[in-house]
Amino acid sequence: MRIRIAVPPDGFGRQFAVMHAWLDETCGPDGWTSAPAGLGGVRNDAVAFYFEDAAFGQAFVSRFCCGYRPVEINRATTGAFAIRTELPPPRRDAALHKTP
């Protein structure tokens, strides 16, 4: 599965390291890879992430991406996702449950 993400105008900043850490923890180091997704001769303003398992790709989109519609037509980012500006709420542990 391939997921294309538009690179924000100011770059990913520290978010790129956060994404890589999450991918390594969730998919394992061999379960994903990334590569520039721009066209030949075009500035790389999109990155492609590749997943062996489509479920991991969907989890990645749910965690890090939101829909993106570029203001100006740009072949490298058309149809790509954008990075979320807000983080999802932190995970909470389930309450201890005993069966009778």
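Counting begins at 1 with the first residue of the sequence.
Residues Ile5 and Phe64 have side chains not in contact (no heavy-atom distance under 4.5 Å, counting atoms from C-beta outward). Considering only heavy atoms from C-beta on, Trp22 comes within 4.5 Å of Arg63 through its side chain.
When the side chain to side chain contact (heavy atoms under 4.5 Å, CB included) test is applied to Ser34, the partners found at least two apart in sequence or on another chain are His20, Trp32, Val47, Phe49. Among residues two or more places apart in sequence or in another chain, the side-chain hydrogen bond (donor to acceptor under 3.5 Å, both in side chains) test is passed with Gln58 by Ser62. Taking Ala55 as the reference, Asp53 meet the side chain to side chain contact (heavy atoms under 4.5 Å, CB included) condition, with sequence neighbours excluded. Checked against ring pair (Phe, Tyr, Trp, His ring centres under 6.0 Å), Phe51 has the following partners two or more places apart in sequence or in another chain: Phe60.
Transitive grouping of hydrophobic side chains (ILVMFWY, heavy atoms separated by less than 4.5 Å) brings Phe56 and Phe16 into a common cluster. Under the 4.5 Å side-chain heavy-atom criterion for grouping Ile, Leu, Val, Met, Phe, Trp and Tyr, Tyr50 is not connected to Leu23 through any hydrophobic cluster.
Nearest approach of Gly57 to Met1, heavy atoms of both residues: CA-SD, 3.7 Å. Pairing each heavy atom of Ala37 with each of Ala48, the nearest pair is CB-N, 3.7 Å.
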